[in-house]
Amino acid sequence: MRVALHTPRPEGTARWIAALAEALPEAELCALNDLLAGGGSAPADYAVVWRPPPGALARLRGLRAIVSIGAGVDHVLADPALPPVPVLRTLGPDLTQRMREYVALHVLRHHRDMPALCAAQARAEWRQIVTPPAPRRRVGVMGLGVLGSAAAQTLVALGFDVAGLSREPREMAGIRCYPAGALPDFLARSEILVNLLPLTAQTRDLLDARRLAMLPRGACLVHAGRGEHLDEDALLDALDSGQIAQATLDVFRTEPLPADHPFWRHPQVTVTPHLASMIDPQSGAALIAESLRACARGALPAALADPQRGY
Ligand code: OXD
């Protein structure tokens, strides 16, 4: 089996090739860019990619499936010349655990008003801020897929009053579930909003000025879905007006976030570089090897994406 690998940085691609060489020793592994360097096309059975250059996958002859190095597949489905083969997500306990940790860390940080405490410390000011206990803090999780459900359950376990928003109506123990049509009601009760939606035609630009204004005044945002969900200028306005008190942002319209972007230095913004549930080559290679072996046996792995739905 020949596998073409791609990540936006050559050293990242090299790390994945090394990890997959251990997990899938029977495969011939090549960097996608090297395979296509001569121009024209090249044979490959599978492509394992993060943000492949548009049009590149169509130049792989005999391609049987594309594996996203991550839970999201929007970066693959965005290719206008995408070959008509199955697209697989990569999901596993490792990714879910990372997302649980990220969401718990940042929701707790906003809940206990850590930014204000850090600012007080910088002034050597003894400032005892009394926040409501978790059961009186309303948190809303947008997106109840594998990662969103796990994050929402973690927040329930911490004692928060948790609601979730999903495309289809859902029932989940301890979580007040809202269907997509009830977005205004869901936003109106979310004092801390966690965005873990996939990027689809329906969710693109969802967090615009109008939606941000539906949140309770002084709400906080934990944004780890996709940069394209959020109107970044509208967020800056909402931070300036006090509509949004604090934001933790892991994903951006342009990544890496340009050095002159106002988010980097904004006192009410915490920037993390798209790592909320970043898959590492060591554990990811084992999951991807499993998916590729299943494909080679003719069995489609469970994490098959639905191009119509967009995730
Ligand atoms: C993913 C991500 O899709 O990290 O897995 O964004």
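Both counts, for ligands and for their atoms, begin at 1 and track the order of listing.
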ask   = Taking only residues two or more places apart in sequence or in another chain, which ones pass ring-ring contact (aromatic ring centres under 6.0 Å, His included) with Phe186?
value =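 ring-ring contact (aromatic ring centres under 6.0 Å, His included) list for Phe186, sorted by chain: Tyr178.
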ask   = Arg297: what forms a side-chain contact (heavy atoms from CB on, under 4.5 Å) with it, not counting sequence neighbours?
value = Arg293, Ala294
query = So which residues get pulled into Leu57's cluster when ILVMFWY side chains under 4.5 Å apart are joined, directly or through others?
reply =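 Taking Ile, Leu, Val, Met, Phe, Trp and Tyr as members, Leu57 shares its hydrophobic cluster with Leu32, Leu35, Leu36, Val49, Leu60, Leu63, Ile66, Val73, Val76, Leu77, Leu82, Val85, Val87.
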inquiry  = Taking Arg9 first and then Glu11, would you say they form a salt bridge - that is, a charged N and a carboxylate O separated by under 4.0 Å?
reply    = yes
query = Between Phe252 and Phe263, what is the ring plane arrangement, given parallel below 30°, perpendicular above 60°, and tilted in between?
reply = tilted
Taking a 3.5 Å cut-off between nitrogen or oxygen atoms, can you list every pair linking ligand 1 to the protein, with distances?
unit_1   : atom_1 : unit_2 : atom_2 : d
ligand 1 : 3 (O)  : Ala71  : N      : 3.4
ligand 1 : 3 (O)  : Gly72  : N      : 2.7
ligand 1 : 3 (O)  : Arg226 : NH2    : 2.9
ligand 1 : 5 (O)  : Ala71  : N      : 2.7
ligand 1 : 6 (O)  : Arg226 : NH1    : 2.7
ligand 1 : 6 (O)  : Arg226 : NH2    : 3.3
ligand 1 : 6 (O)  : His274 : NE2    : 2.6

key: Pairwise side-chain contact, Thr270 with Leu249, heavy-atom cut-off 4.5 Å (strictly under)   = no
